Number of protein chains: 2
Amino acid sequence: MLKLSAATADGREQIVGLLYPADFVGRPFAEEAEHSVTALTDVELCVFPRKPFEAALENHVRMERLLLRRTLAALDEARARMLMLGRKTAEEKVASFLLDMAHHLGGPRQPGETSFDLPLTRAQIADVLGLTIETVSRQMTKLKRDGLIGLPSGRVVTIRDRRALQERAEAA
Amino acid sequence: MLKLSAATADGREQIVGLLYPADFVGRPFAEEAEHSVTALTDVELCVFPRKPFEAALENHVRMERLLLRRTLAALDEARARMLMLGRKTAEEKVASFLLDMAHHLGGPRQPGETSFDLPLTRAQIADVLGLTIETVSRQMTKLKRDGLIGLPSGRVVTIRDRRALQERAEAA
DNA sequence: CGGGGAGTTGATCACCATCAACATCAGTGG
DNA sequence: CCACTGATGTTGATGGTGATCAACTCCCCG
């Protein structure tokens, strides 16, 4: 898993995207990358030199089409995240985030509880949500106190009541 | 000019994109649109039925390539806006917004002052920046008091000191 | 046993939201 | 011509959410 992040001149950081296995990272047709890329777990990357890659896009229509589809999907995701950053409360942000992670990392879609291991530190979660570490921590313990999730240890999260969690995440 | 917006279930709105003349709007390869589109000014749209449009993309490589480039640019812009929404203060948001508008609407890049007419109401500016109308209004009057901008009337804005405004916008 | 990073919890503060009153202006109809 | 209305914008008072500052715990690893 990778994080894609941007930062202000004075060091404030915002994670603008999370990349899962089989995702694409890079910015064809631009001189310079605008974001920094950081590995959150051990990672195996398949690297292509820019020029040959762009040439391949030109020569293989299907490849270009695939990239277009992925880019459109990434744009949708980015916009959903804009709604979250601009208009959701801290609790809604944390709840949405946990549901997102469960969706990507959760085992088979079981009816009962789901558990997974967060690949992010609290600080990184804060950078995804536009919050501080302390606020993230407080919201997580609140969700735990209310019985919606379990926090057995460090990075492990258990979704106890997905329905209720979705209600706290509000919006789409 | 058009606005592209998303909303939470309980009605909070976030503008996720602004479209200028010659821009593209639409979501090929998806069943349903995720956002609502609203005209901010009188607008002339060139509409294509989905199926023929997608077919045209398949048959005209150059067209598909153009759309890919535009989509990548839109993604960059969306991510820049995520940094703004998540990590900037109200003053920084308003300053960045005004610079953005000046960039798009301002006349020729003169050394002196630039003036333009905001196509957005305060409420819409607030929805772009993830703020409330009142906060937007207050920040604008503060920038005016400090001599960085002028607000001759209603929607008209004059950039008096671009340099200083850029400093208040901080980040990239 | 010591050290450092990660996470939690508490106390306080500041920024921005909220609520409310008022100002301004364009459009409408008396 | 002017009062009336509604939409838009400004300004003020107050409060709450989340940031900040700080202390402490827990682990992992030396």
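Below, read A as the first sequence line, B as the second, and so on, with proteins coming before strands; counting in each chain starts at 1. Please read all numbers here as calculations on a predicted model, not as lab measurements. Just so you know, these numbers use all the heavy atoms, side chains as well, and skip hydrogens, waters and symmetry mates.
- Of the inter-residue distances, the one linking B:Thr8 atom OG1 with A:Leu83 atom CG reads 6.5 Å to the nearest 0.5 angstrom.
- Taking CG from B:Leu143 and CG from B:Leu165, the interatomic distance works out to 6.0 Å, rounded to the nearest 0.5 Å.
- Residue A:Arg155 places at least one side-chain N or O under 4.0 Å from the OP1 or OP2 atom of C:dG7.
- Stacking of A:Arg70 on the aromatic ring of A:Phe24 is not recorded, the 6.0 Å distance cut-off and the 45° axial limit not both being met.
- A:Thr121 comes within contact range of the sugar-phosphate backbone alone, with a heavy-atom separation under 4.0 Å but no base atom that close.
- Atom CZ in A:Arg12 sits roughly 13 Å away from atom P in D:dA19 (whole-Å rounding).
- Among the nucleotides D:dG18, C:dA6, C:dA20, the one closest to any side-chain atom of A:Thr89 is D:dG18.
- For A:Leu151, the side-chain atoms get nearest to C:dT8 when compared with the rest of C:dA6, C:dT8, D:dA13.
- A:Glu134 contributes a side-chain N or O that forms a donor-acceptor pair with the base of D:dC21 under 3.5 Å.
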Test B:Thr158 against B:Glu113 for side-chain hydrogen bond (donor to acceptor under 3.5 Å, both in side chains), laying out the working first. CA-CA 7 Å; B:Thr158 307; B:Glu113 305 190 343; 5.3 Å; no
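- Taking atom CG of B:Leu85 as the reference point, atom P of D:dG18 lies 15 Å away to the nearest angstrom.
- Listed nucleotides: D:dA19, D:dG18, D:dT11. Nearest to the side chain of A:Gln139: D:dG18.
- Within the structure, a side-chain polar atom (N or O) of B:Thr141 is placed less than 4.0 Å from OP1 or OP2 of D:dT11.
- Each of C:dA6, C:dT8, D:dT11 was ranked by its minimum atom distance to the side chain of B:Ser137; first place goes to D:dT11.
- Under 4.0 angstrom from either OP1 or OP2 of C:dT8 there lies at least one side-chain N or O belonging to A:Arg122.
- The base of C:dT8 is not paired with the side chain of A:Arg145 by any donor and acceptor separated by under 3.5 Å.
- To the nearest angstrom, C1' of C:dG7 lies 12 Å from CZ of A:Arg138.
- Side-chain atoms of A:Leu131 lie closest to D:dG18 of the nucleotides D:dG18, D:dT10, C:dT8.
- With rounding to the nearest 0.5 Å, the separation of CD1 in A:Ile125 from OG in A:Ser137 is 9.5 Å.
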